[in-house]
Amino acid sequence: MKERLEALKAEALQELAQVTNQQQLNDMRVKYLGKKGPLTEVLRGMGALSAEERPVIGQVANDVRGAIEAVIESKQAEYLQAETEARLRAETIDVTLPGRPAGLGAVHPISKVIQQIEDIFVGMGYTVAEGPEVEQDYYNFEALNLPKNHPARDMQDSFYVTEDILLRTHTSPVQVRTMEKMKGEVPVKIICPGRVYRRDDDDATHSHMFTQIEGLVIDRNIRMSDLKGTLLQFVQELFGKQTQIRMRPSFFPFTEPSAEVDVTCAMCGGAGCRVCKQTGWLEILGSGMVHPRVLEMAGYDPEEYSGFAFGMGVERIAMLKYDVEDIRHFYTNDLRFLKQFVHL
Ligand code: PHE
């Protein structure tokens, strides 16, 4: 029996030496150490042995089992190691590969123009105010000297939410809100950028939603010449030193007198071209001296205080400054259009 065991060991070790992969190793384990393997069979036959022989053979059988197990274990460890290495190799990240660039967004051209205009006015001592886009009729019209049924309300066809609430048609309500907040204090010196809404049919120069920047100054002794000087300074910083302005009499219920302001056409320098329709001038904003009734309603005594206000369309200014022929380009978000403004 001892010889059989030794032969079994020799055979197993020889066969194991030929093993080259995990599958074969598994087969070997079953074949030699499994329940139906020769070793188990020998051990099962031990009952027939004498009491003296039994421990001796038992010892040999254990040694044989141990030797076979040792070889299997070491092979197993080898395969495990090889497998781990292969996995690591497959999963290695090449940190020297160039990265995939993340697409960076950029500031929208309208936002950029707002920033430029804000910078100019902040440089003149203005602060930036804001107000709600969903506005009360009182602030949008009533407190701006536009009572109900006033014909001038038709100048600005409105989106109503309820009878008393609408999408603001201009940024002028922020004039009133600012004066209320200031409670009669001076100086008031603000600009207010924001979106406004009108029931217009969209075309190359009209949009039902666009952006305005409002300006308001209130103090003692504010005159029309202050308005003119301020606007001249502003347009020269925005469009260039050579730019001139002219003021044309106009009408707004909340300013008196009122003026529309034109700048010399930057395309032709005032000579007349397609953009300025041969006039040499381009209209860019509405303005005027704050109407006494508006001052009064907001808590400022018109005998003591005066002020000027102006309102401009940002898209129109951006179109003139960057020669954009259709206002809808600003809203359709075509990257080919927007990317042209990245480095402004
Ligand atoms: N709110 C006027 C408009 O939208 C512009 C304006 C503002 C005129 C301030 C005068 C003073 O047309």
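Start at 1 and go down the list; that is how both ligands and their atoms are numbered.
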*F310, portion touching ligand 1 at heavy-atom distance under 4.0 Å*: backbone
*ligand 1 versus S287, non-hydrogen atoms closer than 4.0 Å: side chain, backbone, both, neither?*
backbone
*Would F254 and H170 count as a close aromatic pair, with their ring centres under 6.0 Å?*
yes
*With a cut-off of under 6.0 Å to the ring centre and 45° to the axis, is R195 in cation-pi contact with F210?*
no
*Look only at the side chain of D226 and the backbone of R223, and say whether a donor-acceptor pair between them is shorter than 3.5 Å.*
yes
*Within the side chain of Q236, is there an N or O that forms a donor-acceptor pair under 3.5 Å with the backbone of K241?*
yes
Which atoms of ligand 1 sit under 4.0 Å from any heavy atom of [X]?
X: Q175; answer: 9 (C)
X: R198; answer: 3 (C), 4 (O), 12 (O)
X: G311; answer: 6 (C), 7 (C), 9 (C)
X: S172; answer: 1 (N), 7 (C)

Is the shortest N/O to N/O distance between [X] and ligand 1 below 3.5 Å?
X: Q212; answer: yes
X: T169; answer: no
X: E214; answer: no
X: H170; answer: yes

*May I ask you to check whether E214 and S172 show a side-chain donor-acceptor distance below 3.5 Å?*
yes
*What is the ring orientation for F341 with F330, classed by angle as parallel under 30°, tilted 30 to 60°, or perpendicular over 60°?*
tilted
*Just say parallel, tilted or perpendicular for the rings of F121 and Y126, cut-offs at 30° and 60°.*
perpendicular
